[in-house]
Amino acid sequence: MKGSIVLCGFMGCGKTSVGKRAAKLMKLTFCDLDHYIEEKAGLTVSEIFAQYGEEAFRKMEAEAAAEVSKAGGMVVACGGGTVLNPKNVTAFHENGSLILLLDTPLSILQERLKNDKNRPLLQKPNRRQVISKLYRQRIPLYRAAADVRIRSAGPVWVVAKKVAVVGSRFLEH
Ligand code: S3P
């Protein structure tokens with residue numbers, strides 16, 4: 001069964017930008033899970049958090065992961081919290097997908113996220129500490145969920161090329 005190439009990792013690691021570029025290189029369709037949720041709900045992620053709370057968002061995210069994982073043949077960019085739910089990891093694996101972690105150093109993430117206005121979890125006054133704490137909690141879970149870890153500190157095209165090499169090899173077999 002042909003699955004998808006699924007990108008996971010912390011907010012700001014480049015899942016969407018790398019995923020789009022890698023999908024082009026591999027001639028696959030790109031799917032952004034947050035975007036899929038937004039389309040389905042008719043609301044932005046921020047609006048879902050504000051109106052219904054994080055728990056409701058996580059339910060929608062699990063539903064989206066279950067649906068998207070069935071399609072196969074895509075490059076899927078997860079949200080930063082998607083693979084923290086083991087059910088979502090199982091859904092991707094059961095449908096023959098390969099999960100890649102874009103592993104980006106914390107210092108780079110801090111820099112990329114310092115002015116972010118769209119991620120509800122970061123709209124707090126002590127943002128640097130929030131990011132550090134979440135990163136420390138999550139990194140072991142990302143590493144456990146992923147089949148392959150890709151160092152992701154360089155430009156988008158470099159990381160996308162690495163994803164395409166690993167992804168193509170996986171899909172050929
Ligand atoms: C989240 C990451 C976001 C989005 C939501 C929650 C998280 O996606 O799903 O704000 O828990 O890390 P990105 O990683 O694409 O920013």
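The residues of the chain are indexed from 1 along the displayed sequence. Remember, it's a predicted structure, so these values are computed and weren't measured experimentally. Whatever order the structure lists ligands and atoms in, that order sets their numbers, starting from 1.
- Between A22 and V163 the shortest heavy-atom distance is CB-CG1, 3.7 Å.
- The CD atom of Q51 lies 10.5 Å from the OG atom of S46; values are rounded to the nearest 0.5 Å.
- Look at R58 and E61 and you find a salt bridge, because one of the NZ, NE, NH1 or NH2 atoms lies within 4.0 Å of a carboxylate O, short of that distance.
- Annotation: K162, atom NZ; neighbour count of heavy atoms from other residues, nucleotides and ligands within 6.0 Å is above 12.
- With respect to the salt-bridge test (charged N to carboxylate O, under 4.0 angstrom), the residues K70 and E67 do not qualify.
- The residues lining ligand 1, counting any heavy atom closer than 4.0 Å, are M11, K15, D34, V45, F57, R58, G79, G80, G81, R119, P120, L121, R138.
- Classification of the F49-F57 ring pair by plane angle, with boundaries at 30° and 60°, yields tilted.
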